[in-house]
Amino acid sequence: MKTSSPLKVTDAIRVIKDNHCEKCGNQAKGFVFRKTLPIYYCRKCLRQELGVFNPFAYSS
């Protein structure tokens, strides 16, 4: 697994507030590196991208 340099990660964190989600256009809250470029996502889309579910949500 190839990792990004700390400088790239630090820069991506600094500018996160200036970016929008790639999928829905909402304010970005997180990012994923794809081919050394950060792809910004809102919380909802980031959870979907990473396959994380909300442990407090349930369906009846």
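Please read these numbers as outputs of a predicted model, since none were measured by experiment. Hydrogens, waters and symmetry mates play no part in the numbers below; they use all other heavy atoms, side chains included. We number each residue from 1, following the sequence as shown.
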Determine whether Val9 and Phe33 satisfy the following criterion, side chain to side chain contact (heavy atoms under 4.5 Å, CB included), listing intermediate values before the conclusion. CA-CA 9 Å; Val9 173; Phe33 271 96; 3.8 Å; yes
Tightest non-hydrogen contact, residues Gly25 and His20, listed as O-ND1, 3.5 Å
Is it the case that the side chain of Tyr40 and the backbone of Ala12 share a donor-acceptor pair, with hydrogens and angles ignored and the cut-off at 3.5 Å? yes
Can you tell me how far CD of Gln48 sits from CG of Leu50, rounded to the nearest 0.5 angstrom? 10.5 Å
Taking the basic N atoms (NZ, or NE/NH1/NH2) and the acidic carboxylate oxygens, is any pair closer than 4.0 Å for Glu49 and Lys44? no
Once rounded to the nearest 0.5 Å, what's the spacing between atom OH of Tyr41 and atom CD1 of Ile16? 12.5 Å
Check whether any side-chain heavy atom of Phe31 lies under 4.5 Å from a side-chain heavy atom of Ile13, and answer yes or no. yes
Would you call Asp11 and Lys8 a salt bridge, taking side-chain N to carboxylate O under 4.0 Å as the test? no
Provide the closest heavy-atom pair for Gln27 versus Asp18 in the form atom of the first, atom of the second, distance. NE2-N, 4.4 Å
From Ile39 atom CD1 to Lys35 atom NZ, the distance as rounded to the nearest 0.5 Å: 10.5 Å
